[in-house]
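Here the structure comes first, spelled out in structure tokens, and everything after it is commentary.
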Amino acid sequence: MDRYEPGVIEEKWQRRWADARAFEVSNDPIQPKSYVLEMLPYPSGTLHMGHMLVYTIGDVVTRFRARNGMHVLHPQGFDSFGLPAENAAIREGVHPRISTERNIDAITRSYRRVGWAYDWPRLTSTHQPDYYRWQQWQFLRFLERGLAYRKAAPVKWCPNDQTVLANEQVKEGRCERCGAEVESRLMEQWFFRITDYAQALLDDLETVDWPESIKARQRNWIGRSEGAEIQFRIDELDEDIAVFTTRPDTLYGATFFVLAPEHELVPRIDSDEVREYVRRASAKKTAERAAATEKTGVFTGMHAINPVNGERLPVYVADYVLTDYGTGAIMAVPAHDQRDFDFARAFDLPIRQVVKPPDGDVDESVAYVEHAEGEVLVNSSDYDGLPAPEGGRRIVEALAADGRGGFTVNYRLRDWGFSRQRYWGCPIPIVYCEACGMVPVPDDQLPVHLPEIEDYKPKGVPPLAQAEDWVNVACPSCGGPAKREVETMDTFVDSSWYFLRYCDPQNDAAPFDSAVVDYWNPVDLYIGGVDHATVHMIYARFWIKVLNDMGMVGFREPFAAFFSNGWVTLGKSKMSKRAGNIVGPDDFLDRYGADACRLNILFLGPANEDMEWTETSVEAMNRFVRRLWSVVNEVVERAPAGEPEGGALARKAHATIAKVTDDIGRRFAFNTAIAAVMELVNELSKDRAGADSRFAAETAVSLVQPYAPHVAEELWERLGHERLWESPWPVADPALLEVDTVEVVVQVNGKIRDRLQVAPSVAEDELVALARASEKVQAFLNGGDAARVVVVPGKLVNFVL
RNA sequence: GCCGGAGUGGCGGAACUGGCAGACGCGCGGGACUCAAAAUCCCGUGUCCUUCGGGACGUGUGGGUUCGACCCCCACCUCCGGCACCA
């Protein structure tokens, strides 16, 4: 027998697959179809074990579904624009285009080496003009519908990356990418009107097959809360100011009124003290503001009229009120809100209780914020004595009748700010004309190419502004002097529709053909890390809903099912470039081959949970593959050909087929499927020349193919067959799943006392008689008999005394 | 604070619908092969007790339901993750 040499057989089979175009699929609408997709990578470094995991999961599912008769689309590409790629380029000191394309080449070579089954001709990178051209085209459609707009707003600014960030890119007040503390700046920016879709994004979560934890995150993120909007009059400004509250029942308890420092009416307050406070507040970092323990603020000298009772409430400006939640203004009810309570204490403002708890007692050192059964309103005029929820309802109804308020729903979700002051991104196809104002670039002038420039580094103003030849253009409308938009799009725009382009990547008349996209989509299984669960996956859902409203796609949700893979950890922290604890697969691919590495990453543990990387487990998988190799080769030499005889080994093989099919097909339990094949190989190794050995060997090879496709193809060929990748998945014979004897457990009072080998068909009374006859059981029955006998056929007999 | 998830041998984990706890693998112990080692193969491996037949205990803690609970219910502890001055 020849030695197992992974390098040789892997190269051989990768060439065969390429020559046979094994994983390239047509767009013919063949059913059943399956679109298997993993989140596309940033080409910002080399492969690591995290990639190894995600793409191997997708590959196993792809190969499994293909052999189960499905027309499977499994494409790949690169999220090659944006901060990750650009920052990598700056680190390497090369132009982003050079660095990106170099990385793409390197990563693609690694991919091929692992033997992942991709439809390579569909490979798409988002920095390619024929990709971003259609993104610009879609942006213009969003613009026409008012779903893309430009406005001045307080935005999150990363002082390190020198760009605006979306809310979704800020974690705990820090830039998601570089960790710098984020500042608030008032800037004119581009936004997508995702808030129009807040309710749809929430509702349609019911229609997708995603892990509950991921749905919960999105619900958290969207942050729906029901309440009321109420108008307070400020005579000094001659304005009605709206507040949002979830507690209209506490309206009679309002004793002051607060505006966020960024509230649009604050600049109209003529007060040096207020101006000074606003200046200091805006200088604070976002995280600093959130962490403040002491409440600060300043009295404006103005008063707001409480619409229910005409009380004049002093108006403060304080930074504990956030500009980007609700209306940026609040009615303050210190008795029933801890933050208002703290402020009232600090500024010596009155605290008036209006909700009485059921037991009547209140701890006056804190706000009473419960929602207990039996609470009633007090100090609330006509509403006194009403249960709090009902009182709140009536108060809002009364306000609505006066046109001073009404029920409303508020969302935490903000519009998606998508313009970036960076070079490496999709140009926004807009021109500013001195005469015509903002003018969209006409479709037939797309794409607006990203120009090559020398100095692309971030410096606070968009680098494109310096590309004068590019910036200065003739207005598409009047032909007069005009300037291009110099900001670029967030990379999350690129990743909001890439999976549609994969379906029709060569299309040069449209972003995609709707019929083709509607055939393949929605994605049947989307695989990726939980870190994109609230950002990318909300944006993509929004994008698809808009395209659906435009009639461009026939579905409302992009990802019908989602598998959230765990993180590969080393020393218990996530393996990542940032943590500096990356173990690359290349070394292991050299030492053990692709098959052992692929098996290993899925055998480490359940793929949807974090898994600690260990080197010894790759060695174990290497042992397993070599064992499979030697056992099967010996079977080829020694075992007789012909029909299996249906003995114990054949039965084991059929049981393994059933187990592996269920584990991969239904449970995504990739680790236990491998364990089942190991069991089969262990059995086979004890009987390498029997009548059933050849069948067992073929079964083991066939079942391990999604994980270890190269060695499986090679052994399959040696067993006298060909093209395992397109051979039908084995089917378990129900007759052979029946076993000839089963072990029945005999319990006395629930404790196991004996085990019997019986035919599965044995009658219940006969089984009980057999069990009762057992000496061991007799010893525990103490001469008496059971008060009750529980029988589970084929499983157990329990004598209850 | 609100929301989601998880606690099982020395370790990673298995037990899918309430019915044999610890599959499979790692590690460890013993043995075979070898001058020796590596590799490979075989046997053993939850804890405690044992007259070696077996027995008792055992899935974070305390209760409950059930003939029977890792699994269901109640309360709690610990850990991980998301959101959070969100009105």
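Residue numbering restarts at 1 for every chain, and letters A, B, ... go by the order of the sequence lines.
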### Task
Take A:Phe603 and A:Tyr707, measure what side chain to side chain contact (heavy atoms under 4.5 Å, CB included) needs, and give me the verdict at the end.
CA-CA 10 Å; A:Phe603 189 70; A:Tyr707 296 87; over 6 Å; no

### Query
So does A:Asn682 get a side-chain nitrogen or oxygen closer than 4.0 Å to the phosphate oxygens (OP1/OP2) of B:G25?
yes

### Query
For B:G55, does the glycosidic angle fall within 90° of 0 (syn) or outside that (anti)?
anti

Considering only nitrogen or oxygen atoms on both sides, find all protein atoms under 3.5 Å from nucleotides 20-22 of chain B and state each distance.
residue: B:C20; atom: O2; partner: A:Glu743; partner atom: OE1; Å: 3.4
residue: B:C20; atom: O2; partner: A:Arg755; partner atom: NH1; Å: 2.5
residue: B:C20; atom: N3; partner: A:Glu743; partner atom: OE1; Å: 3.2

### Query
Between A:Glu619 and A:Ala669, who's closer to the 5' end of RNA chain B by nearest nucleotide?
A:Ala669

### Query
Is the distance from OP1 or OP2 of B:C67 to the nearest side-chain N or O of A:Arg788 less than 4.0 Å?
yes

Would you list the protein and nucleotides 41-51 of chain B atom pairs, both N or O, that sit under 3.5 Å from each other?
residue: B:C41; atom: OP1; partner: A:Arg627; partner atom: NH1; Å: 3.3

#### Entry: Salt bridge flag under 4.0 Å for residues A:Glu294 and A:Arg345
no

#### Entry: Charged N-O contact under 4.0 Å between A:Glu206 and A:Arg219
yes

### Query
What is the ring orientation for A:His336 with A:Tyr368, classed by angle as parallel under 30°, tilted 30 to 60°, or perpendicular over 60°?
perpendicular

### Task
Just call it for A:Val790: base, sugar-phosphate, or nothing, with non-hydrogen atoms closer than 4.0 Å on any strand.
base

### Query
When rounded to the nearest Å, what value does the distance between P atoms of B:G7 and B:C70 take?
14 Å

### Query
Is the base of B:G81 syn or anti, where syn means the angle lies within 90° of 0?
anti

### Cation-pi, A:Tyr277 ring and A:Arg280 (6.0 angstrom, 45 degrees)
no

### Query
At their closest point, which heavy atom of A:Ala242 faces which heavy atom of A:Thr327, and how far apart are they?
O-OG1, 2.6 Å

### Query
Reckon A:Lys295 touches a base, only the sugar-phosphate, or nothing at all at heavy-atom distances under 4.0 Å?
base

### Query
Under 3.5 Å, side chain of A:Thr255 to main-chain N/O of A:Pro350, donor-acceptor pair present?
yes

### Nearest-nucleotide comparison on RNA chain B, the residue closer to the 5′ end among A:Phe799 and A:Met611
A:Met611

### Query
Charged N to carboxylate O under 4.0 angstrom, A:Asp324 versus A:Lys156?
yes

### Query
Base, sugar-phosphate, or nothing for A:Val321, non-hydrogen atoms under 4.0 angstrom?
base

### Task
Heavy atoms only: give me the nearest A:Asn600-A:Val618 pair and the separation to one decimal.
OD1-N, 3.3 Å

### Query
Would you say A:Arg753 reaches B:A56's phosphate, i.e. side-chain N/O to OP1/OP2 under 4.0 Å?
yes

### Message
Check the phosphate of B:A14 against A:Asn671, side-chain N and O only, distance under 4.0 Å to OP1 or OP2. Yes or no?
### Response
yes

#### Entry: Euclidean distance for C1', B:U34 against B:C41 (whole angstrom)
13 Å

#### Entry: Salt bridge A:Arg393-A:Asp249, side-chain N to carboxylate O under 4.0 Å
no

### Summary
In terms of heavy-atom contacts, A:Phe799 and A:Val768 come closest through CZ-O, 4.0 Å

### Message
Using a 4.0 Å heavy-atom cut-off, does A:Pro211 contact any base of the nucleic acid, only the sugar-phosphate backbone, or nothing at all?
### Response
nothing

#### Entry: A:Glu683 with A:Lys652: basic N within carboxylate O range, under 4.0 Å
no

## Note on the structure
Once base and sugar-phosphate atoms are separated, protein heavy atoms under 4.0 Å mark nucleotides 79-84 of chain B, 5' to 3', with B, S and - as --SBSS

